[in-house]
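Chain letters run A, B, ... following the sequence lines, proteins first, then strands; residues in each count from 1. As the structure is a prediction and not an experimental result, all values here were calculated from the model.
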Amino acid sequence: APTTTQTKAADTGGNAAPGKKVTIGFSAPAGHGWVAAITNNAKAQAAAYPDVELKSVEAGPDAAAQRAALATLLSQKPDVIVLLPHDGKELNAFGLEAMQAGVPVVNLDRAFPDALAYRTQIKGDNYGMGVSAGNFIAAQLKAKGVTNPIIGEIAGMDELELTQERSAGFRSALATHGLKVANRRAARFTVDTGQAEAAQLLQALPKMDALWNHDDDQGVGVLAAIKQANRSEFIMVGGAGSRAAIEAIQADNTVLKATVTYSPSMASSAISLARLIGQGKGMSDLVELQVPKEITLASETITKENASAYVKLGF
Amino acid sequence: MKTAKSSPEPRTSFWRGDGSETVRRNLGLLGVLVVLIAIGVVTRPDLYSSSQWVGDNIFSILKLASVVGVVTVGMTFVIIGGGIDLSVGAIVALAGVWSTTLATQSFGAGGMIFTAITVGVGVGLVNGLLISYGRLVPFIATLAMLVAARGLAAEISNKQTQVSANTTINNIASAKLLGIPLLVYILAVVVAAGWVLLNRTTFGRRTVAVGGNPEAARLAGINVRLHTMLLYALSGLCGGIAAIMLTAQANSAQAAMANLYELDAIAAAIIGGTLLSGGRGTIIGSLLGVIIFATITNLFAINDLSAEAQNMVKGGIIVVAVLVQQFRFKSVTRFFARNSKITTTT
Amino acid sequence: MKTAKSSPEPRTSFWRGDGSETVRRNLGLLGVLVVLIAIGVVTRPDLYSSSQWVGDNIFSILKLASVVGVVTVGMTFVIIGGGIDLSVGAIVALAGVWSTTLATQSFGAGGMIFTAITVGVGVGLVNGLLISYGRLVPFIATLAMLVAARGLAAEISNKQTQVSANTTINNIASAKLLGIPLLVYILAVVVAAGWVLLNRTTFGRRTVAVGGNPEAARLAGINVRLHTMLLYALSGLCGGIAAIMLTAQANSAQAAMANLYELDAIAAAIIGGTLLSGGRGTIIGSLLGVIIFATITNLFAINDLSAEAQNMVKGGIIVVAVLVQQFRFKSVTRFFARNSKITTTT
Amino acid sequence: MVLRLTDVVKTFPGVRALDGVELEVRAGEVHCLLGQNGAGKSTLIKVLSGVHRPDSGQVEWLGQPVSFANPQAAMKAGIATIYQELDLVDDLSVAENAFLGHEPRRLGFIRRGHTARRTREILGRLGHAEIPPRRLVRALPAAGKQIVSMARALSHRARLIIMDEPSAVLAHDEVGNLFRIIRELTTQGIAVIYISHRLEEIREIGDRVTVLKDGRTTAANLSARDTPTRDLVSRMTGRSIEYVFPDRPTGQPQHRDLLQVTGLGRAGEFADVSLTVRSGEIVGIAGLVGSGRSELLETIYGARRAQTGTVRMSGRTLRPGSVHAAVKAGIGMAPEERKSQALLLGEPIYRNVTLATFGRYARLGFTDAGRERAEADRIAETLELRPRDVRRPVRTLSGGNQQKVVVGRWLLGDTRLLLLDEPTRGVDVGARAELYQVIRALAARGVGVLLVSSEVPEVLGLADRVLVMREGRIVREAPAGELDEDTVLDLVMAGSLMEGVAA
Ligand SMILES: Nc1ncnc2c1ncn2[C@@H]1O[C@H](COP(=O)(O)OP(=O)(O)OP(=O)(O)O)[C@@H](O)[C@H]1O
Ligand SMILES: Nc1ncnc2c1ncn2[C@@H]1O[C@H](COP(=O)(O)OP(=O)(O)OP(=O)(O)O)[C@@H](O)[C@H]1O
Ligand SMILES: [Mg+2]
Ligand SMILES: [Mg+2]
């Protein structure tokens with residue numbers, strides 16, 4: 001299962017040795033695909049440490065519910081809290097409250113605007129994802145010698161800021177090459193909306209040269225729509241890096257030629273960092289005695305060439 | 001002069017009772033549809049100049065409408081029968097997930113279809129039991145079912161997207177017969193069957209009676225509870241069929257799919273003239289409602305409208321569509337009313 | 001002996017039924033609440049052993065309930081008045097977003113509150129106009145408004161989460177008075193005002209008439225259209241208040257917030273005994289409905305149930321809650337029936 | 001002259017409901033409106049009370065031409081109306097209903113004490129001080145609701161009170177009460193427009209009569225007391241109808257027991273009821289409103305579950321609480337409240353007529369609309385339904401014609417036992433005679449009939465055997481020939497003298 005390949009209890013160095021017992025509170029939204037992998041990874045990682053106890057609460061359907069769930073979590077006085085908020089800005093107040101109560105907060109993926117609201121933040125690079133996708137597409141099209149290419153984009157849930165960031169990165173990367181998006185549809189991170197939006201996009205662009213789809217999970221639907229429309233004149237780039245997508249890239253029998261990562265393995269890292277914070281340790285490969293404040297993962301581009309190295313990280 | 005007075009009789013008799021209002025409503029909806037398509041032609045003449053593309057686009061709209069359309073047929077029955085089914089989207093998801101488990105897929109396409117339909121009907125029967133015999137309010141019973149069925153679907157799928165490896169199923173989405181997509185045929189068959197069932201059978205008559213005045217229906221000897229239960233089973237059946245169609249289209253199923261289809265279906269039925277309080281509605285109206293929504297989506301897609309603009313315009317279009325419908329109706333009656341007044345005073 | 005037989009038993013039974021059914025329903029809901037809390041105590045004795053925690057937990061439940069609670073009060077009026085308002089969630093979002101634009105924030109807390117309430121009432125009035133004077137079905141009109149208002153909110157906020165820099169507003173969520181959170185006071189005031197409005201004023205009594213028998217209301221000289229419009233404005237007002245409360249809690253606002261609050265509010269009202277078809281309902285029942293939902297959520301949180309199990313259990317609890325309510329009601333009437341039979345036959 | 005109508009016309013799509021009506025009402029008089037079902041009486045008063053606006057013609061009120069834009073305007077001008085269909089709100093209290101729309105209030109708050117006091121006062125005047133003003137109207141029986149409707153009309157300071165068939169749901173003693181009130185009103189100079197299909201009532205309370213036929217005034221200002229019945233009827237119907245009951249068949253009644261009810265009871269409604277109906281026999285049940293007759297019928301029919309006792313059809317016990325079983329056994333019931341219990345208002349007439357039988361005309365589950373329309377046409381013909389077009393929605397029919405649809409439903413099909421609850425309520429004289437013929441003819445074919453009616457003469461005239469019910473018990477059973485109206489009324493009202501006779 002993906003959880004085992006994405007977790008890793010440090011097996012070398014002093015940090016691996018069991019230390020002081022740490023209770024980590026954890027909260028992330030429920031869902032499928034990438035979000036589900038976040039929770040699974042966190043749980044698996046915690047289970048790998050004998051000195052970590054994980055207390056998790058489901059985040060509920062929205063920020064308000066997550067706030068209420070976190071209140072019950074905080075009242076149980078964990079040593080550290082790791083949380084993937086529905087929305088960083090909406091839960092900023094909770095971060096402040098927890099930090100003031102002396103519980104360090106590790107923000108996972110969706111940043112708090114207020115630096116006082118978290119001890120450490122580990123997140124993917126949404127803007128960078130868009131940039132990687134844009135650069136890859138631009139390079140491919142240039143190599144093919146296409147002029148005035150028609151580029152489509154299938155975004156994720158449009159009301160999320162991360163979607164906006166991804167699209168912004170994509171747009172600006174394309175702009176540096178003098179390209180722009182011809183049509184952008186927003187799906188909802190589910191296979192059926194991916195299929196429906198892709199079907200309409202294909203209809204709107206009878207001829208297309210490249211397509212970026214933000215999320216590999218909804219990408220299953222997007223690929224189905226492409227197959228149903230019998231279209232293959234363009235290249236497609238995915239997002240996040242699901243195992244199915246990486247395997248498809250490796251097999252190279254669909255339009256999907258690459259995917260830009262946004263790995264849920266960050267949840268595992270977050271648990272590791274929380275443990276170190278709880279034990280007052282630093283990261284053993286760094287000189288610093290404490291865990292750093294910000295970690296932003298780079299978004300890598302997986303292509304046929306390097307797919308084999310990433311396939312076991314796919315979720 | 002006296003004879004002139006009674007002249008409007010024969011003319012107005014054409015408009016009397018008997019569903020002509022319904023026909024007028026549906027004509028109004030058709031008008032809205034034509035306007036939407038005209039807007040498409042005007043805004044994207046380049047696309048509409050290719051007849052090949054136009055044909056493809058019509059089918060793309062109909063394919064988009066097909067899944068919700070099937071669900072809406074069942075929903076229309078439930079609403080006419082005085083109920084509401086908030087669980088249809090969840091039924092689609094549960095049926096889809098259940099029919100794409102590895103175990104089920106090993107039975108092939110037949111096994112998957114059988115599973116989806118059994119799950120759909122089964123969940124519908126539970127809804128029906130809770131409502132008919134447990135006397136739960138339909139809104140609450142099906143809301144509870146929505147929550148529970150999606151939860152069960154997530155449990156079964158372990159929150160993963162389950163890919164359908166069955167090419168027969170997947171081909172349902174791409175297959176064509178005489179140039180027309182199979183999905184469109186399925187929609188047509190379900191709509192036709194729904195129409196016949198509602199308008200030509202005792203089941204349909206009972207549905208109208210049960211929704212229009214349950215007490216009267218009961219006192220006329222109709223088994224209201226049993227019938228109510230069957231209505232939810234019917235809605236579940238439609239959900240099962242839709243699950244297969246959606247799974248085929250997405251080549252996969254997951255617990256979150258068909259999200260809020262219940263709202264789409266209810267909205268389409270109501271736009272189509274179905275009374276939310278029961279006792280009145282038409283299958284054709286519901287179909288037109290679904291197609292109008294799909295056409296709006298298509299219109300936005302081909303014009304690359306952003307989601308927020310899309311939403312604002314969509315709200316406006318819905319309002320205007322209903323107003324247009326009513327305007328037609330009113331202006332006609334007003335016209336006749338005026339007419340008959342003139343004949344009286346002269 | 002014979003005269004004893006014809007004792008006025010049948011006569012008196014005639015005049016039974018003066019809202020005591022409502023009281024019984026609400027007692028049933030209270031029972032459900034007690035059971036839910038008992039489950040909490042049994043499953044997490046460690047937490048419930050700290051009285052400090054218990055107090056905090058009660059307030060955390062009430063704070064969770066407060067926003068939806070305020071929305072539900074407005075929704076209860078609309079439903080009793082024979083309508084439905086699917087746009088409340090969108091109203092909360094639009095009012096929240098509008099009141100947190102930089103321009104608005106520059107006017108300080110007063111300006112933000114004023115804006116939220118104005119936007120809420122304004123949108124409500126538009127709903128009311130469309131329904132009363134445009135004769136749109138409430139379901140469609142408010143659905144269109146839902147779509148449009150969320151679209152507008154996304155447009156205004158440019159799909160960003162807008163942070164509220166106003167500490168007065170933000171403090172609403174954390175401030176306490178005599179140890180009780182301010183949000184709970186707001187909920188209490190809105191509920192109390194709603195109760196008085198419904199039960200003690202002509203507006204409230206006319207709401208029951210408009211929803212229960214619109215024709216009778218019209219014949220009694222009530223301006224049904226105007227009244228209907230005011231009901232939607234009232235719902236909008238509640239949405240505006242809720243927007244401030246939610247914005248304060250989140251220290252921010254965005255177009256997607258308060259998602260599906262309309263469903264929560266409708267479900268709470270219906271669980272609380274409000275008839276979806278109008279003409280009957282209580283504010284206290286709705287409040288209990290909201291608190292029950294919040295308590296369920298809390299119960300899951302303290303027991304760390306996975307979302308999927310949570311959903312399945314939630315569906316079950318909803319069904320059981322309603323069944324319990326009905327059971328109580330029935331058993332009581334059966335008890336009375338048995339009682340009166342004894343007096344008749346002896 | 002407080003009110004004068006000249007040449008008032010009102011059309012609905014496809015129907016000319018009023019076609020030049022003339023009407024003059026004087027202060028302090030009881031002016032009766034007479035006319036067949038669908039003649040336009042209710043439409044006329046709706047024009048007067050601001051519900052409908054006339055297409056043309058003039059309404060003069062207190063010497064001024066007026067046009068009421070809405071009911072409120074008419075009320076302000078001093079016209080209060082009791083409508084034919086109950087216009088109460090179930091979930092409001094008696095007092096709130098009485099003062100709906102003009103609640104005594106202070107700053108928007110209802111003055112509850114004041115409202116209750118005034119309601120009690122009005123109810124006292126109506127002879128029903130026992131109705132608690134704070135009780136929900138939903139908990140009242142139909143007759144109680146009618147009282148509340150009247151209380152509402154009296155709560156206005158009106159110059160003219162219009163009553164559209166107020167006596168239809170009232171029992172004998174209640175009608176007496178009503179007349180007392182009307183006299184009280186007229187002595188204060190208040191005018192009353194009174195609509196009823198019962199000529200005896202018009203004779204008793206009316207001063208002058210205006211007759212409508214097909215939306216036209218055919219006779220105005222006749223004397224209510226002295227105009228011969230034949231005259232009135234022929235002006236209403238265009239022909240003369242004998243208001244008589246069909247002859248009872250001579251010879252031995254059949255002795256085949258069709259329906260056997262033993263020891264039937266429901267707490268608080270009726271107790272220990274045993275009765276039989278033989279095939280071909282018409283059994284009538286007399287009793288006051290609230291004596292439990294409707295409940296009894298509904299329990300026999302399975303619409304309510306019996307708590308004690310059994311119901312047997314042709315010797316076979318019926319499953320209690322199952323209408324389906326009763327219908328299968330050949331029982332049909334025309335319920336008391338047409339709108340709430342019997343009609344699909346938006347559906348066409350023919351579908352309402354065949355609501356209980358469409359399954360029989362169906363083949364393999366497919367309905368036969370042609371056959372249904374033909375059958376419905378036949379019923380429409382027999383019962384003089386107007387308009388005759390059976391494709392019109394029932395909603396647009398007049399009250400009496402809706403009633404005909406309800407009763408007509410059970411004249412179809414092969415029903416073996418017919419339960420009729422107030423079948424002639426609101427039905428005009430002519431159609432009533434037709435209905436009696438039809439019921440007699442059914443009995444002659446061997447159908448058993450159990451008839452509930454608040455009109456004692458109807459029970460005595462139509463039934464072969466009569467049961468008298470009081471407070472949920474059968475207190476007397478006798479062949480119709482052995483009873484007269486006074487005896488029955490005495491029994492019904494429960495003179496303690498008769499207590500011993502009860503068995
Ligand atoms: N809303 C309506 N739409 C169409 N036709 C109507 C409507 N209301 C009444 N009518 C028609 O107008 C005519 C007069 O009806 P009205 O109710 O005035 O009769 P009525 O004299 O009160 O009869 P009844 O004694 O049965 O109550 C009838 O033919 C009826 O079908
Ligand atoms: N316990 C009760 N609570 C509320 N309503 C009641 C009760 N008992 C009887 N009723 C209502 O009282 C009304 C009249 O009572 P009932 O039907 O027993 O009288 P009836 O003899 O049939 O008189 P009618 O001539 O009006 O039909 C019915 O509508 C019935 O629903
Ligand atoms: Mg009438
Ligand atoms: Mg009765």
- Sequence neighbours left out, what pairs pass ring-ring contact (aromatic ring centres under 6.0 Å, His included) with at least one residue falling in residues 387-423 of chain D?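 For residues 387-423 of chain D: none.
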- Query: Can you tell which of Ala369(D), Ala356(D), Gly365(D) has the highest number of heavy-atom pairs within less than 4.5 Å of chain B?
  - Reply: Gly365(D)
- Arg200(B) to Phe366(D) six-membered ring, cation-pi geometry met (6.0 Å, 45°): no
- Item | Closest heavy-atom pair and its distance - Ile331(D), Thr415(D) |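 Ile331(D) and Thr415(D) have their closest heavy atoms at C-CG2, 4.0 Å.
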- Query: Per the side-chain contact (heavy atoms from CB on, under 4.5 Å) rule, which among Leu125(B), Val123(B), Thr118(B) passes with Val121(B)?
  - Reply: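 It is Leu125(B); the other options fail the test.
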- Anything in residues 224-234 of chain B with a heavy-atom distance to chain D below 4.5 Å? Please list those residues in order.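 Residues qualifying by a heavy atom under 4.5 Å from chain D are absent, so none.
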Side chain, backbone, both or neither: which part of [X] has an atom under 4.5 Å from a heavy atom of chain B?
{"X": "Arg351(D)", "answer": "both"}
{"X": "Gln341(D)", "answer": "both"}
{"X": "Leu343(D)", "answer": "backbone"}
{"X": "Lys339(D)", "answer": "backbone"}

- Message: Is any side-chain heavy atom of Val89(D) closer than 4.5 Å to one of Val137(D)?
- Response: no
Could you have a look at [options] and say which one has the most heavy-atom pairs with chain D under 4.5 angstrom?
{"options": "Gly204(B), Ala216(B), Ala217(B)", "result": "Ala216(B)"}
{"options": "Glu215(B), Arg218(B), Arg206(B)", "result": "Arg218(B)"}
{"options": "Gly212(B), Gly211(B), Gly221(B)", "result": "Gly221(B)"}

- Task: Would you sort out whether Arg392(D) and Asp389(D) count as a salt bridge (charged side-chain N to carboxylate O under 4.0 Å, His left out), showing the intermediate values?
- Result: CA-CA 6 Å; Arg392(D) 296 182 67 93; Asp389(D) 181 358; 5.7 Å; no
- Task: State whether a side-chain donor-acceptor pair under 3.5 Å links Ser294(D) with Asp421(D).
- Result: yes
- Task: List the steps, then state whether side chain to side chain contact (heavy atoms under 4.5 Å, CB included) holds for Met333(D) with Leu219(B).
- Result: CA-CA 7 Å; Met333(D) 182 179 83; Leu219(B) 292 180; 4.0 Å; yes
- Any donor-acceptor pair under 3.5 Å linking the side chain of Gln402(D) with the backbone of Leu397(D)? yes
- Query: Thr357(D) side chain to Arg360(D) main-chain N or O, any donor-acceptor pair under 3.5 Å?
  - Reply: no
